[in-house]
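As the structure lists them, so they are numbered: ligands from 1, and atoms in each ligand from 1.
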Amino acid sequence: MKKRIFSGAQPTGKLHIGNYLGALKNWVALQDDYDALYCIVNLHSITLPQNPDELRRNTLDLARVYLAAGLDPSRSIIFVQSDVPQHAELAWVLSCITRLGELERMTQFKDKGKGNTERVGVGLLTYPVLMAADILLYQTDLVPVGQDQKQHLELCRDIAERFNRDFGETFRIPDPYIPKAGASIKSLLDPERKMSKSDENANGSIFLTDDADTILKKFKRAVTDSGTAITFDESRPAINNLLTIYQLVTDKTAEECVVHFEGKGYGQFKPELAEAVIEFLRPFQEKVQHFDDEHVTNILKEGAEKARAIAAVTLQDVYSRMGITR
Ligand code: TYM
């Protein structure tokens, strides 16, 4: 039996190269060796206000991105979270064994809530419980994510262990899969912050749909640190970030990258980096237009059927252990 993978992304805004290098690239690589489920987590998106028409469109667009990136519906189950009602149902159950203190400690809640607990939506607080439900419903072994999701995954493990302790072995305890390089791609304008979909300034992110001109301009504007050498150096976060992007899109080793740019400066490095990213995204950008709505909708429908069959078994087990059903 193959081990199982679950992961997902929110259909909120456009995906950027951080999402691709931190998560999607690994999802594609792992689908050969694992039994994989990849979800479009639309119920997570509504923790912040969304325009309904945009959310609908973004959901289909994200499915297109998954397919164009190389997720293969004949090998992986690709589906939309809200098509499988067990996610929301299990989230309620798990919220009853999750502690308020645990949720209040989540750094993403603290960042997004900005300390304004009087007015912030409760969904923003309970979001990690829904995420735990996503993962645990499928008896997941491995969850490939970027660094920013690590804390949510630790909470998921704690919740699963607590449930197993109180009600008997029910959930498999998932491990995170966080890549060594690319787990936290930084903003091009501020290398102390991660590249983020919610960043107001689009120049900090390279979006997967950016054209060649835009990509070149954004890299030219990218901030740099003091010093001129093009090397990996923890004390110089800007060049570290740019060189990591170069390394991942060219599939070179770190040493090969450093040797390649020895004696060269930013004047040569930045256009070469832009070219490498443009070439990396080209096949993806060509493919992404080829999946029409009907085709995508059919794939998602089939995916949801398969996902529901697995999720129903877990939820039934949970309910029966808790005395909800006989
Ligand atoms: P989301 O939609 O914010 O991001 C999707 C994936 O991209 C990764 N990522 C990054 N990786 C590297 N550098 C960055 N700058 C960067 N920004 C984002 C994220 O870590 C993520 O892997 N809560 C999740 C979605 C989710 C989920 C799940 C994931 C819901 N349920 C269950 C795994 C399992 C999120 O908001 O991801």
- Under 3.5 Å, N or O to N or O, is Asp148 touching ligand 1 that way? yes
- Message: Using heavy-atom distances only, which candidate in His44, His87, Met131, Gln147 approaches atom 28 (C) of ligand 1 most closely?
- Response: Met131
- Query: Judging by distance only, is a nitrogen or oxygen of Tyr127 under 3.5 angstrom from one on ligand 1?
  - Reply: yes
- Relative to ligand 1, is Ala183 under 4.0 angstrom through side chain, backbone, both or neither, heavy atoms considered? backbone
- Between Gly146 and ligand 1, does any nitrogen or oxygen pair lie at a separation below 3.5 Å? yes
- Considering only protein heavy atoms, which is closest to atom 29 (C) of ligand 1, and at what distance to one decimal place? Gly8 O, 3.5 Å
- Under 4.0 Å from ligand 1, counting heavy atoms only, is it the side chain of Leu21, its backbone, both or neither? neither
- Measure Met195 to ligand 1 on non-hydrogen atoms and call it side chain, backbone, both or neither using the 4.0 Å cut-off. both
- Task: Indicate yes or no: does an N/O atom of Gln10 lie under 3.5 Å from an N/O atom of ligand 1?
- Result: yes
- Query: So is there a nitrogen or oxygen of Val143 less than 3.5 Å from a nitrogen or oxygen in ligand 1?
  - Reply: no
- Return yes if some donor-acceptor pair links the side-chain N/O of Glu102 with the main-chain N/O of Leu155 below 3.5 Å, else return no. no
- Message: Please check: side-chain N/O of Arg4 versus main-chain N/O of Leu142, any donor-acceptor pairing under 3.5 Å?
- Response: no
- N or O pair under 3.5 Å between Ile185 and ligand 1: yes
- Message: Looking only at protein heavy atoms, which one is nearest to atom 37 (O) of ligand 1, and what is the separation?
- Response: Gln149 NE2, 3.9 Å
- Note on the structure: of all protein heavy atoms, closest to atom 17 (N) of ligand 1 is His16 CE1, 3.5 Å
- Query: Are side-chain N/O atoms of Asp317 and Thr170 paired as donor and acceptor at under 3.5 Å?
  - Reply: no
- Message: Quick check: do Tyr266 and Ile239 have side-chain heavy atoms less than 4.5 Å from each other?
- Response: yes
- N or O contact, Val145 vs ligand 1, cut-off under 3.5 Å: no
- Task: Give a yes/no verdict on a cation-pi contact between Lys14 and Phe207, requiring under 6.0 Å between NZ or CZ and the six-membered ring centre and an angle within 45° of the axis.
- Result: yes
- Full working for salt bridge (Lys or Arg N to Asp or Glu O under 4.0 Å) between Arg193 and Asp199: CA-CA 10 Å; Arg193 293 176 37 218; Asp199 198 340; 3.7 Å; yes
- Query: So do Thr244 and Ile185 actually touch side chain to side chain, heavy atoms under 4.5 Å?
  - Reply: yes
- Query: How does His152 reach ligand 1, by side chain, by backbone, by both or by neither, if only non-hydrogen atoms under 4.0 Å count?
  - Reply: neither
- Check the angle between the aromatic planes of Tyr38 and Trp27 and answer parallel, tilted or perpendicular using the 30° and 60° thresholds. parallel
- Message: I'd like to know whether ligand 1 has Gln81 as a neighbour, heavy-atom separation below 4.0 Å.
- Response: no
- Note on the structure: Per-atom filter on ligand 1: closer than 4.0 angstrom to a heavy atom of Ala23 are 6 (C), 7 (O), 22 (O)
- Message: Counting only heavy atoms closer than 4.0 Å, does ligand 1 sit against the backbone of Lys186, its side chain, both, or neither?
- Response: neither
- For Ile135, take its heavy atoms, then give the atoms of ligand 1 lying under 4.0 Å from any of them. 32 (C), 34 (C)
- Between Asn26 and Pro179, what is the shortest heavy-atom contact and its length? ND2-CG, 3.5 Å
- Task: Could you pull out, from Pro144, Gly18, Ser198, the option with a heavy atom nearest to atom 10 (C) of ligand 1?
- Result: Gly18
- Message: Could you check whether Asn298 and His295, counting side-chain N and O atoms only, form a donor-acceptor pair closer than 3.5 Å?
- Response: no
- Task: Decide whether Thr231 and Asp233 meet the rule of one side-chain donor and one side-chain acceptor closer than 3.5 Å.
- Result: no
- Message: Side chains of Gln31 and Ser76: any donor to acceptor distance under 3.5 Å?
- Response: yes
- Query: Side chain or backbone of Asp134 under 4.0 Å from ligand 1, or both, or neither, by non-hydrogen atoms?
  - Reply: side chain
- Note on the structure: If we number the atoms of ligand 1 from 1 as shown, the ones under 4.0 Å from a heavy atom of Val41 are 25 (C), 30 (C), 31 (N)
- Message: Looking at ligand 1, is there an atom of it that comes within less than 4.0 Å of some heavy atom belonging to Cys156?
- Response: no
- Query: Do the side-chain N and O atoms of Thr12 and Ser45 include a donor-acceptor pair separated by under 3.5 angstrom?
  - Reply: yes
- What atoms in ligand 1 come closer than 4.0 Å to a heavy atom of Phe6? 32 (C), 34 (C)
- Item | Derivation and outcome, side chain to side chain donor-acceptor pair (under 3.5 Å), residues Lys112 and Tyr127 | CA-CA 12 Å; Lys112 290 196 176 164; Tyr127 169 114; 5.6 Å; no
- Query: Is there any N or O on Lys197 that sits under 3.5 Å from an N or O of ligand 1?
  - Reply: yes
- Begin with the C-alpha distance, continue with both residues' side-chain angles, and end with the deciding distance and a verdict on side chain to side chain donor-acceptor pair (under 3.5 Å) for Thr314 and Gln86. CA-CA 9 Å; Thr314 307; Gln86 287 85 355; over 6 Å; no
- Message: Heavy-atom distances under 4.0 Å decide this one: backbone, side chain, both or neither, for Ser184 against ligand 1?
- Response: backbone
- Note on the structure: In ligand 1, the atoms that come under 4.0 Å of a heavy atom of Gly22 are 11 (N), 12 (C)
- Message: Applying side-chain hydrogen bond (donor to acceptor under 3.5 Å, both in side chains), can you list everything that pairs with Thr209, at least two apart in sequence or on another chain?
- Response: none
- Query: Quick one: nearest non-hydrogen protein atom to atom 18 (C) of ligand 1, plus distance?
  - Reply: Asn19 ND2, 3.1 Å
